[in-house]
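Down below is the structure, laid out as structure tokens.
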Amino acid sequence: MSDAILSLRGVKTDIAQYHILQGVDLDVPRGQVTMLLGRNGVGKTTTLRTIMGHWRARAGTIRLDGDDIAQAPTPAIARRGVGYVPENMGIFSDLTVEENMTLAAASGPLERERLEWIFGAFPALRTFWRSEAGNLSGGQKQMLSIARAMAEERKLYLIDEPTKGLAPAIVSTMAGALRDLKRRGASILLVEQNFSVARALGDRAAVMDDGRIVWTGEMAELAGDAALQERLMGLSMETA
Amino acid sequence: MIVTLLSGDRPRSPLLTLILLAILAGLALAPFLFPGVRSLETAARICIFIVLVASYDLLLGYTGIVSFAHTMFFGLGAYGVALASEHIGRGFGALAVGTVAGAVAAALLAMVIGLFSLRVRAIFFAMITLAVASAVAVLVSQLSQITGGEDGLNYRIPRELTPAFRWGGKLFDVNLNGKLLNYYLVFFCSLGLFLLMLRIVNSPFGRVLQAIRENDFRAEAIGYRVVRYRVAATCISAAVAALAGSLFAVWLRYVGPDTTLSFEIMLDILLMVVIGGMGTMYGAVVGATLFVLAQNYLQNLMGLASGATEGVPVVSDLLDPDRWLLWLGVLFILSVYFFPTGIVGRLRAGR
């Protein structure tokens, strides 16, 4: 794919003696939402962490806007414009919401207009602006986690299971915010287990199995083919 | 104005505010409220240990780094003043040179240790600091021609800071002499350094340190170079510890391995941080004050209690002043049990 903001070729990652990624080939098109799908334990989170440099790729290339970042340190990758939202509400619980947001805007002060946009997507953050993040509810923590990635203009967003374990009302707030991010032309690689969210947001999909990408294509194609879903992921979106 | 001075970090508990005000007033007026050599020694020691403990809390409480070399940095500052006073001669110039040299040496040594060990994992830093601190303590004891060895060094400080210098008569029955000036030098320098530490931990730099303490990968994933921040925190902490050491040297007019470099002092600092409350600068104030007071006056208190219970066989024996260390230990265990987040943490939680 020529206009890919992120491109992985033959990426292999080991954690201790386990070969988790066994040659991942993946393209994330610019300005689109790519869903990374698959059963639990197939390497989706490891793929995101490898892109961020948390786990080092043993082999292969990871190109961000054409530059190989496979061996770059994590802060350098972040400073190149990659916003990462880890799974399990990756916030700093001892700091206030404001401090969390200020830290996230690492390259300069938080822009007022951007902050208003974030408050529009997550009104709760305005309410609890000066509260300690550790005192927020699970859903609010997840909102803060995504809001932190939105604190600056990013080239690419890596978002790991943003709706995991959240109440349906919060899931819809989260999906709304991600849709808004998509409307602004963001390039997003999104790991998601909630298929209705995946179907609503995804432009493209990549399905992983056993440390490899086993299928890529349009999200709509996957969403419309129950047999394909069954074959790739062992379950159907229609029944999920 | 006061909030600005405290860098916006309010005590956030009425009782804590009262305690801090009482400590501040007690230390500011110590020469007049508690006349006598011993009480003034205690007050000066509290001032210095507040700075020393606060600088350690920057590492342990705010950055999550365990160091066993804090007394080494404290000692570098103290020996800096001692050696400068001995070689350059009595005077404020020597004090300034010794203080600056001690702080710079401490920061540089901290940087070297940090760059070697903090790249890997913070736990190696603890191990390396332990080894380096032990080596330096042995070296100071062995290099007796330079450091005075186990006997330490006695040196002369400017006359204006000694009891021999009288600049007035008496005020509230207290001699207006150089010792009083020396105490206020220690008090105001300690206050300034404490406010500086408060400024540092409440700055954007301090927030990054707290973020690193909680989850270093998350901090890196935002774009912060964790090693640089950790090394910077280590250098600042070491330099401030050295400055506290310099104040101690000016106050005592003596340095020796036991007073500045011993592992016992390192343990005291650790206990003061834990008792006061990690990750709260005010914890350093409360922890240092309680600990130094207990160290100096628990024995007297027990003497009184033992006298009062003379007729009761077992209790009187248990309260014998010779057993003060046992009771100090019991007090620590109780305080950690009842205040797991430290006294300040408990007061702020409002329970």
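Naming convention: chains lettered A, B, ... in sequence-line order (proteins, then strands); numbering from 1 in each chain.
Neither the backbone nor the side chain of A:R80 comes within contact range of chain B, judged by heavy atoms closer than 4.5 Å. The parts of B:E220 that come within reach of chain A are both its backbone and its side chain, each placing non-hydrogen atoms under 4.5 angstrom from that chain. Proximity to chain B (any heavy atom under 4.5 Å) is shown, for A:L158, by neither the backbone nor the side chain.
A:M52 places a side-chain heavy atom less than 4.5 Å from the side chain of B:F217. No side-chain heavy atom of A:E98 sits less than 4.5 Å from a side-chain heavy atom of B:R207.
More than 12 heavy atoms of other residues, nucleotides or ligands shown are found within 6.0 angstrom of CZ on B:F263. Within a 6.0 Å sphere centred on CZ of A:R130, other residues, nucleotides and ligands contribute 12 heavy atoms or fewer. Surrounding CZ of A:R126 are more than 12 heavy atoms belonging to other residues, nucleotides or ligands, all under 6.0 Å away. The number of heavy atoms from other shown groups lying within 6.0 Å of CD (A:E116) is above 12. A 6.0 Å sphere centred on CZ of B:R228 holds no more than 12 heavy atoms belonging to other residues, nucleotides or ligands.
Among all heavy-atom pairs drawn from B:I222 and A:L103, the shortest one is CG2-O, 3.5 Å.
Side-chain atoms of B:E214 come within 3.5 Å of backbone atoms of A:S93 as a donor-acceptor pair (strictly under, hydrogens ignored).
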Go through it in stages, so that I can follow the logic: the residues are B:Q210 and A:F92, the test is side-chain contact (heavy atoms from CB on, under 4.5 Å), and I'd like the CA-CA distance, side-chain angles, deciding distance and then a yes or no. CA-CA 8 Å; B:Q210 285 169 273; A:F92 300 114; over 6 Å; no
